[in-house]
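Letters A, B, ... mirror the listed sequences (proteins, then strands); counts begin at 1. Just so you know, these numbers use all the heavy atoms, side chains as well, and skip hydrogens, waters and symmetry mates.
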There are 2 protein chains.
Amino acid sequence: MDGPLVDKGPGKAQYPLVKEGRCRNCTRREGTLCDVLTCDELDRLDGFMMIATFDPGQTIFFEGDNLTNYYNITEGVIRLIKLLADGRRAILDFLYRGDFLGLNAKGQYAYSAEAITPVRLCRFPRPQLQAMFADTPKMEGRLLGIYTDKLVANQQRLTDLARKSPRERLATFLLDLAKKDGLRCGDGGILLPMSREDISDFLGLTIETISRTFSAFSKEGLLEIQQRKKVNILEAEKLEAIAESL
Amino acid sequence: MDGPLVDKGPGKAQYPLVKEGRCRNCTRREGTLCDVLTCDELDRLDGFMMIATFDPGQTIFFEGDNLTNYYNITEGVIRLIKLLADGRRAILDFLYRGDFLGLNAKGQYAYSAEAITPVRLCRFPRPQLQAMFADTPKMEGRLLGIYTDKLVANQQRLTDLARKSPRERLATFLLDLAKKDGLRCGDGGILLPMSREDISDFLGLTIETISRTFSAFSKEGLLEIQQRKKVNILEAEKLEAIAESL
DNA sequence: CGTGGGTTTGAAAAACGTCAACGTAAGTGG
DNA sequence: CCACTTACGTTGACGTTTTTCAAACCCACG
């Protein structure tokens, strides 16, 4: 039970697992699935929960794999990926601390998940968590709320991809990032955990267009870029006006 | 209770409502929210359900309106719409018989809904349906399943919008339509209920690009178009190859 | 039979992607 | 500790695709 899991993909490192779950004392429940549970219920969860960690670039699971585990992110950033048959890539979402991971498409993962930064996860085997769902309706209700919010967010993203220009998309993206804490560094700047290629696959553009648009924003004095990853938004209102086509 | 509701938007016709719900004898429960209910529970639902009908082009509700009612579609086709500030339009989804309608974004509708064909709906006031959800966990579980499937579908669509070419998008769209029955007419042809503009707003393209791509498919012998709305897919495998970039 | 909205088609322009070269920051091994 | 390497990012020139603008067309409707 405490040993590493089997390999998933070709050349994949084994999962580093540590049995140390102390759900009852967890300080990161806010807004997550386990937020609604009593102490007893948290102990039950604890009984089958495992901590897993991943290094940047590691794959947590692949699209189409049998769905064996659900996860909660307690630390780090993850990208959700879908590929077309010829290798073109789309990033569905970036996930952060507190996000729930493991969308069920007929018993299989609906997307691949990869760590962008060092990541720490609570891992729940599917049978046990589903059994707990069945016994704990409020937990199911919580997941329904989470999925409702995800649907709303995805529909905004569909609208953006269908109808916004590259400038508008990047402005929208940066402002959304700025709303997340955990990325903020000191002076109101944000530290982008993802590469330009990640951003381009998220926004449906090329890496060059992303780069050019960053440069344009910078030249126009809307923002400041330091060492490529750190962005200071200087003119939030103007950026907002671009994002919302006002 | 049996009278018409108040107007919603400017110049909106009043809602035509008929009290005749007989959930217990309903023949269209398959795959819907009410599929899981017992006879007694169906009677409870019946108690606050109303039938509503809409003509083509009528708006059922607007994005941002207070969410007062949920709906089940029993007949017809609906488009879900989001607008940008300057009027650019995106169609999030087309909904058909059996689909559940009324995504909750903080107490407001997350999108506008408009009838494309004559539409018949079961209408459930929010307080009553939510009370029933609270008492009937399996109903909540059913909705969770429905939303899970919607999320999976939306993620495929995000991938398509981000990375597929116009040809690939239209091929994907047509093959998806062909899978729905209710649109099939006799000889394996499909009857498109939506306009070219609807399709372009769904696929994130212009109406001209849609039209040209239709013409190209037709010239290549992949399909046949009759009277603009009726499409016969002649070479499903080739269209599949285009859609899946094989 | 005429009218008009939706659709198709064509030509021109713009936007974005592609290709290629160059820069830059971080990491590695001597 | 520094030069070398490498991966990532930026910039420029160019080509293609898609949009835009405009006109013609066609079917459905009155």
side-chain contact (heavy atoms from CB on, under 4.5 Å) between B/Glu114 and B/Gln58, worked out: CA-CA 6 Å; B/Glu114 297 174 8; B/Gln58 271 195 295; over 6 Å; no

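- Among the heavy atoms of the strands lying under 4.0 Å from B/Glu208 is at least one base atom, whether or not backbone atoms are also near.
- Below the 3.5 angstrom threshold, one finds no donor paired with an acceptor across the side chain of B/Gln226 and the base of D/dC27.
- At whole-Å resolution of the value, CG in B/Leu161 and P in D/dT18 are 14 Å apart.
- You'll find a donor-acceptor pair under 3.5 Å spanning the side chain of B/Arg212 and the base of C/dG10, going by distance alone.
- Residue B/Lys229 places its side chain closer to C/dT7 than to any other of C/dG17, D/dG9, C/dT7.
- One can place CG of B/Asp201 at 14 Å from C1' of C/dG6, the figure rounded to the nearest angstrom.
- At a threshold of 4.0 angstrom between heavy atoms, the contacts of A/Arg196 are confined to the sugar-phosphate backbone, with no base atom among them.
- Surrounding NZ of B/Lys238 are at most 12 heavy atoms belonging to other residues, nucleotides or ligands under 6.0 Å away.
- As rounded to whole Å, 13 Å separates atom P of D/dC8 from atom CD1 of A/Ile116.
- Under the 6.0 Å distance and 45° angle rule, B/Arg196 counts as a cation-pi partner of B/Phe214.
- Aromatic ring centroids of A/Tyr71 and A/Phe100 lie 6.0 Å or more apart.
- Within the structure, a side-chain polar atom (N or O) of B/Thr206 is placed less than 4.0 Å from OP1 or OP2 of D/dT19.
- When the C1' atom of C/dT8 is taken as reference, atom CD1 of B/Ile199 falls 14 Å away, rounded to whole Å.
- Heavy atoms of A/Leu205 sit under 4.0 angstrom from primed sugar atoms or phosphate atoms, though from no base atom.
- Per the geometry, CZ belonging to A/Arg169 stands 13 Å off C1' belonging to C/dG17, to the nearest Å.
- Spacing between atom CD of B/Gln227 and atom P of D/dC25 amounts to 20 Å, rounded to whole angstrom units.
- Taking atom CZ of B/Arg228 as the reference point, atom C1' of C/dT8 lies 7 Å away to the nearest angstrom.
- Proximity of the aromatic rings of B/Tyr109 and B/Phe61 is defined here by a centroid distance below 6.0 angstrom, and this criterion is met.
- Each of B/Ile225 and A/Gly204 has a nearest nucleotide on DNA chain C; the 5'-most of these lies closest to B/Ile225.
- The distance between atom CD1 of B/Ile207 and atom P of C/dT7, rounded to the nearest whole Å, is 5 Å.
- Heavy-atom nearest nucleotides on DNA chain D were determined for A/Lys219 and for A/Arg163, and the one closer to the 5' end corresponds to A/Lys219.
- Nucleotides of DNA chain C nearest to A/Ser165 and B/Thr209 differ in position, and the one nearer the 5' end is that of B/Thr209.
- Within the 4.0 angstrom heavy-atom criterion, only backbone atoms of the sugar-phosphate kind lie near B/Ser195; the bases stay farther away.
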